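Fair warning: this is a prediction, and the values are worked out from it, not measured in the lab. Atoms within a ligand are numbered from 1 in the order they appear, just like the ligands themselves. Atoms considered below: every heavy atom in the structure, side chains included; atoms not considered: hydrogens, waters and symmetry mates.
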Amino acid sequence: MKIFIDTANVKEIKEVYEMGVLGGVTTNPSIIAKEGKVFEDAVKEITEIVGNDCLIFAEVISLEADGMVKEAKELSKIHPNIIIKIPMCKEGLKAVSRLKGTGIKTTCTLVFSAAQALLAARAGASYVAPFMGRLDDIGSDGLILISDIADIFAMHDIKTEIIVASTRGPMHIIDAAKAGADIATVPYKVIMQMCEHPLTTNGLAKFMKDWESVPKK
Ligand code: G3P
């Protein structure tokens with residue numbers, strides 16, 4: 001399972017990119033709003049950092065298909081590795097379908113049911129983004145959704161990739177990987193949590209302490 005970062009923060013993107021684990025950067029209107037930058041400028045800045053090695057996901061804000069397609073065409077001019085995020089709804093499916101075969105790849109986002117994921121895949125989305133954490137937040141089991149979509153796509157040989165979004169902690173990532181997701185998009189804080197283990201921290205501290213007693217040249 002590939003790891004993407006779910007942020008538009010340049011410092012966070014740079015650090016995780018340097019760690020060599022990054023396959024993509026996902027944004028949405030809320031994530032872009034946090035950075036206080038013009039949308040297109042924020043996306044361009046990300047492409048300048050990771051564009052050669054990573055996919056960069058930018059979301060349309062129109063609510064009807066014509067506007068979504070127009071925005072998708074404009075955004076995709078920024079960089080060849082831009083993938084367009086389109087919200088799951090009737091108009092979104094129309095836009096996904098119209099963009100299929102144009103060379104512009106789409107992600108159907110805000111997916112909360114396997115039925116939505118199946119429609120998105122059939123409309124021609126390259127990726128679907130089920131929101132695991134937000135389902136857990138309302139007392140529903142996000143993992144069941146990931147597992148259902150993975151099973152359905154495997155059973156029917158559907159090539160659309162599953163990007164698990166709205167991830168809240170390291171166990172979400174491991175559970176999603178075991179359920180068969182292709183990608184998890186992960187907040188910076190959770191990537192750092194994935195790096196850490198108390199036995200690693202304590203073990204390293206002991207190595208450093210013991211090293212002090214080693215005779216030096
Ligand atoms: O990629 C979608 C994701 O950013 C949503 O996460 O934490 O707002 O539910 P969250």
Visitor: Return the residue, atom name and 0.1 Å-rounded distance of the protein heavy atom closest to atom 3 (C) of ligand 1.
Guide: D6 OD2, 3.0 Å
Visitor: Give the atoms of ligand 1, by number and element, whose distance to some non-hydrogen atom of A165 is under 4.0 Å.
Guide: 1 (O), 2 (C)
Visitor: Taking K206 first and then D210, would you say they form a salt bridge - that is, a charged N and a carboxylate O separated by under 4.0 Å?
Guide: yes
Visitor: Short question: side chain of T102, backbone of R98 - any donor-acceptor pair under 3.5 Å?
Guide: no
Visitor: Report yes or no: does E12 contribute a side-chain atom to a donor-acceptor pair with the main-chain N or O of T7 at less than 3.5 Å?
Guide: no
Visitor: Measure the distance from atom 7 (O) of ligand 1 to every protein heavy atom, then report the residue, atom name and distance (to 0.1 Å) of the closest one.
Guide: R168 NH1, 2.6 Å
Visitor: Atoms of ligand 1 less than 4.0 Å from I31 heavy atoms?
Guide: 4 (O)
Visitor: Purely on distance, is any nitrogen or oxygen of T26 under 3.5 Å from one on ligand 1?
Guide: no
Visitor: Quick one: does any side-chain atom of S76 pair with a main-chain N or O of A72 as donor and acceptor, under 3.5 Å?
Guide: yes
Visitor: Between T109 and ligand 1, find which residue part has any heavy-atom pair under 4.0 Å and reply side chain, backbone, both or neither.
Guide: neither
Visitor: Regarding ligand 1, does R134 bring an N or O atom to under 3.5 Å of one of the ligand's N or O atoms?
Guide: yes
Visitor: State whether W211 and K216 meet the cation-pi test: NZ (Lys) or CZ (Arg) under 6.0 Å from the six-membered ring centroid, and within 45° of the perpendicular axis.
Guide: yes
Visitor: Let me confirm one number: the NZ-CD1 distance from K77 to I104, rounded to the nearest 0.5 Å.
Guide: 9.0 Å
Visitor: Measure the distance from atom 2 (C) of ligand 1 to every protein heavy atom, then report the residue, atom name and distance (to 0.1 Å) of the closest one.
Guide: F131 CZ, 3.4 Å
Visitor: Using a 4.0 Å cut-off to any heavy atom of N28, which atoms of ligand 1 qualify?
Guide: 2 (C), 3 (C), 4 (O)
Visitor: Hey, are E74 and K70 close enough for a salt bridge, meaning a charged N less than 4.0 Å from a carboxylate O?
Guide: no
Visitor: Look at atom 6 (O) of ligand 1 and say which protein heavy atom is nearest, naming residue and atom and giving the distance to 0.1 Å.
Guide: S166 CA, 3.4 Å
